Each structure stands twice: as structure tokens, then as C-alpha cells.
Amino acid sequence: MLIDIVGAGSLGLLFGGKLAWSGSLVRIWSRSAGQAEELRHSGIHIAKDGESGLKVEPAHFQSGTVEQLGQAWETKPGDYVLVMTKQKDTEAVCRYLSQVRLPQGSSRPVVVCFQNGYGHMDRLKAILPGWTILAAVTTEGAKRTSFTEVFHAGSGDTVIGESGVGHVSKKIGGRWLNLVQALKQAGFYPVLSNDIDNMMFRKLLINAVINPLTALWRIPNGELLKSPARMKLMKELYEETLAVYDACGIRYEEDMWDQILNVCRATSGNTSSMLKDVLAGSPTEIGWINGSIADMALKAGVQAPVNELVTRLIEGIIAEEE
């Protein structure tokens, strides 16, 4: 079993490093040639509080740039592709995969997408018709500290399923058992789920309440709870998003507000991915998070003014050159 990981950010290094360390055959494809070269020279170091961490020697995995993946597939395609790029890059990656020539008689790799937000799975299925494309929702906490180092901030669950289907077929489920076993052997907690869409909506709600506000106020997650004014705006985003979910017939758990508060406490010192993008002057995933909620509201005939406002505010932080 050969696992290709596209994207060498926080999750790419965490999953790729632990899978390789546990004995899986892994290839990691990064955006930059410089990172690929450093990975080939230094391997991967996974750090964790209170532990010595893991050092994955470069001999235990292969690395290259995303553009080199096609050449590799012409001789030996992977069995699974874990796409761990940001939303803005994922469609381009899937278009690239659709153009790669596979050896005659070989099966198409199974693709699993680890993106935030909602609405992308239908687009990716249109780009890769006939491919098996599954979604993954993970609560693993990771922060890349260099091209070859990642800090494992906390363990969590990784839920895998087929979006828009509502069940795991015997064919697909059976094909995924090897990957699930590999993830377990690497120290992760994977679950095949019939309810992946609702898991994605749950994560979407949490991200929609936490991420844009931390990015606007330039604060770590836990600081959201330090002010009544901050909490009030959090609650407005939360209640508005639940109203959109109600209008769309989306199920959610009754204690979601408490869950959001617990996430803020558990990740109190963390810098959200959206704040990281803002500080780096990079495009954010706001359109896929609060923007997707505003789109859902429009289609359902309801209003989502707070989600629309924070979307415009975040989009306006990064000035695009004409």
C-alpha cells in the first residue's frame, strides 16, 4: 500500500511523518522545491509537549514537488492520496490529478480531502468523475514550525466518509480498511462514518464562530472568552448559523455552544489558521467558511448578515493588486 500526501503543511507533515514512522510507504509532495529538498536531507521531526517526539529519517519516505507527482504516477501510482492543501489550492490539485496518465490496467487512487469549510466536495467530484473521493474531518492539532518540523499540539479523531451518500458502501468501506489500519498503526484514531456531512457541518460551525473573530482581533483562541463584547459577537454568529442550519434541514447537537467554548479553552494558546493567513498576508479560507454559510442562507431564503459582514471584513484585509 502506497500513500501519497499532497501538501506539506502542518497536517501533511504530521500524517506523513507518523505514517512513515510506523512503516507505511509514503510519498510527500510539497508546493516548493526548497521544502522537498529539506525533507530529503533532514527528514521530519514531530515535537510534542512533555515528550521527546519522533524523528523520521529521510530514508523512510520519499518527497518531491506536486509537479513531480505525475511523473511518479506514470510508473507507480499510489493507492491513496491524502489531499492536505488549503481550499484555494485543492481544486487545482484535483485538476492536475485528472490529467495524470496512469499505467495501463492500474486502478485510480482513492482521494481523501482534509479541507475546512463546505461545498468543495461537489466541485472536486466534478473535476474527477469516476474517482472515489472521500472527505475527512480531523481534530488533530498541529502547527508547522519549519519546512521539516511540526508541533503536535493535541491528539484527536479523524472521521472519514463519502459526502452526499449517507452510508459507507461495502466496496468503498472495504477498500478503506487498509488505510484505516495504517492510520491506527501510526497512532491516529480513524473512524469510517455514515455521517460525514454532519461532521463537516459541525466543524464548519466551530470554525465560523472562532476563526474570523480571532483573525479580526489578532488574538489566540482562548482570548475570545476574556471579554463580554467578544462573547456577544461569538453568540450572534453561532445563533445566526444555527438558524441557517435549521432552514437547510441540517442536524446539529444541542450542546454545540458548550462545545465551541470547550474548543476555545482546549486550544487557548493556539493561533487559528485564518489568523496565521492574515498575519502572513495570504488569502484566507473565509469564503469557504462564513462565505459558504452566507451562500447556504441565500439558497434557503433566509438572511445571514453577520456571516456576510465578517466575510467581507476578512476579505478586505488582504488587498489584491489589480
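As the structure is a computational prediction, the values presented were derived from the model and not from experiment. Numbers here are sequence positions counted from 1.
- Follow the hydrophobic side-chain contacts under 4.5 Å out from Leu216 and you reach Val209 in the same cluster.
- Inter-residue side-chain proximity for Met231 and Leu225 is flagged as met; some heavy-atom pair is nearer than 4.5 Å.
- For Lys55, the NZ atom counts as densely surrounded, since its 6.0 Å shell holds more than 12 non-hydrogen atoms of other residues, nucleotides or ligands.
- Here the two rings, on Tyr252 and Phe201, have centers that are 6.0 Å apart or farther.
- Residue-environment remark: CZ (Arg31) stays at or below the threshold of 12 foreign heavy atoms within 6.0 Å.
- The shortest distance between side-chain heavy atoms of Tyr80 and Val112 does not fall below 4.5 Å.
- Of the possible polar contacts, none joining the Asp89 side chain to the Thr85 backbone as a donor-acceptor pair under 3.5 Å is found.
- Rounded to the nearest 0.5 angstrom, Ile196 CD1 and Arg202 CZ are separated by 11.5 Å.
- Between the side chain of Arg265 and the backbone N or O of Gly222, no donor-acceptor pair lies under 3.5 Å.
- In this structure, Glu315 and Thr311 have side chains that are in contact, with non-hydrogen atoms separated by less than 4.5 Å.
- The minimum heavy-atom distance between Tyr118 and Met200, with the atom names listed, is CD1-CE, 4.0 Å.
- No hydrogens or angles considered: nothing links the side chains of Ser268 and Lys226 as a donor-acceptor pair under 3.5 Å.
- Not counting sequence neighbours, Ser10 has no partner by the side-chain hydrogen bond (donor to acceptor under 3.5 Å, both in side chains) test.
- Residues Arg230 and Glu223 have side chains in contact (heavy-atom distance under 4.5 Å, counting atoms from C-beta outward).
- Under a 3.5 Å cut-off, the side chain of Ser24 and the backbone N or O of Val26 do not form any donor-acceptor pair.
- Counting non-hydrogen atoms of neighbouring residues, nucleotides and ligands closer than 6.0 angstrom, the CZ atom of Arg218 exceeds 12 such neighbours.
- Of all heavy-atom pairs between Gly156 and Thr139, the closest is CA-OG1, 3.2 Å.
- With Phe188 as the aromatic partner, Lys18 meets the cation-pi criteria of under 6.0 angstrom to the ring centre and within 45 degrees of the ring axis.
- Residue-environment remark: CD (Gln71) stays at or below the threshold of 12 foreign heavy atoms within 6.0 Å.
- Evaluation of the side-chain hydrogen bond (donor to acceptor under 3.5 Å, both in side chains) rule for Lys86 yields Asp277 as partners, not counting sequence neighbours.
- Trp217 is not listed as a side-chain neighbour of Leu275, based on a closest heavy-atom distance of 4.5 Å or more.
- Put simply, the side chain of Asn221 reaches to within 4.5 Å of the side chain of Ser272, judged on heavy atoms.
- One N or O on the side chain of Ser63 and one on the backbone of Ala36 form a donor-acceptor pair closer than 3.5 Å.
- Counting only distance, with no hydrogens or angles, the side chain of Lys203 and the backbone of Thr138 share a donor-acceptor pair below 3.5 Å.
- For the pair Thr241 (side chain) and Leu237 (backbone), a donor-acceptor distance under 3.5 Å is present.
- Atom CD of Glu308 has more than 12 heavy atoms from other residues, nucleotides or ligands within 6.0 Å.
- In the model, Asn307 has a side-chain atom that pairs as donor or acceptor with a side-chain atom of Glu240 under 3.5 Å.
- Gln115 places a side-chain N or O within 3.5 Å of a backbone atom of Val83 that can act as its donor or acceptor partner.
- A donor-acceptor contact closer than 3.5 angstrom is absent between the side chains of Asn116 and Trp288.
- Geometric assessment of Lys125 against the ring of Trp131 yields a negative cation-pi assignment under the 6.0 Å and 45° thresholds.
- By the 6.0 Å contact criterion, CH2 on Trp21 is open, its count of non-hydrogen atoms from other residues, nucleotides or ligands being 12 or less.
- Here the side chains of Val137 and Thr158 are not in contact, with every heavy-atom distance at 4.5 Å or above.
- Closest non-hydrogen pair, Glu236 versus Val306, comes out as OE1-CG2, 4.4 Å.
- You'll find the side chain of Val81 reaches within 4.5 Å of the side chain of Trp73, heavy atoms only.
- Crowding of Lys143 atom NZ: a count of heavy atoms from other residues, nucleotides or ligands under 6.0 Å not exceeding 12.
- Ser42 places no side-chain N or O within 3.5 Å of a backbone atom of Leu39 that could act as its donor or acceptor partner.
- Taking a cutoff of 4.0 Å between a charged side-chain nitrogen and a carboxylate oxygen, Arg40 and Glu37 qualify as a salt bridge.
- At distances below 3.5 Å, not a single donor-acceptor pair connects side-chain atoms of Glu140 with backbone N or O atoms of Asp157.
- Of the possible polar contacts, one joining the Gln35 side chain to the Ala8 backbone as a donor-acceptor pair under 3.5 Å is found.
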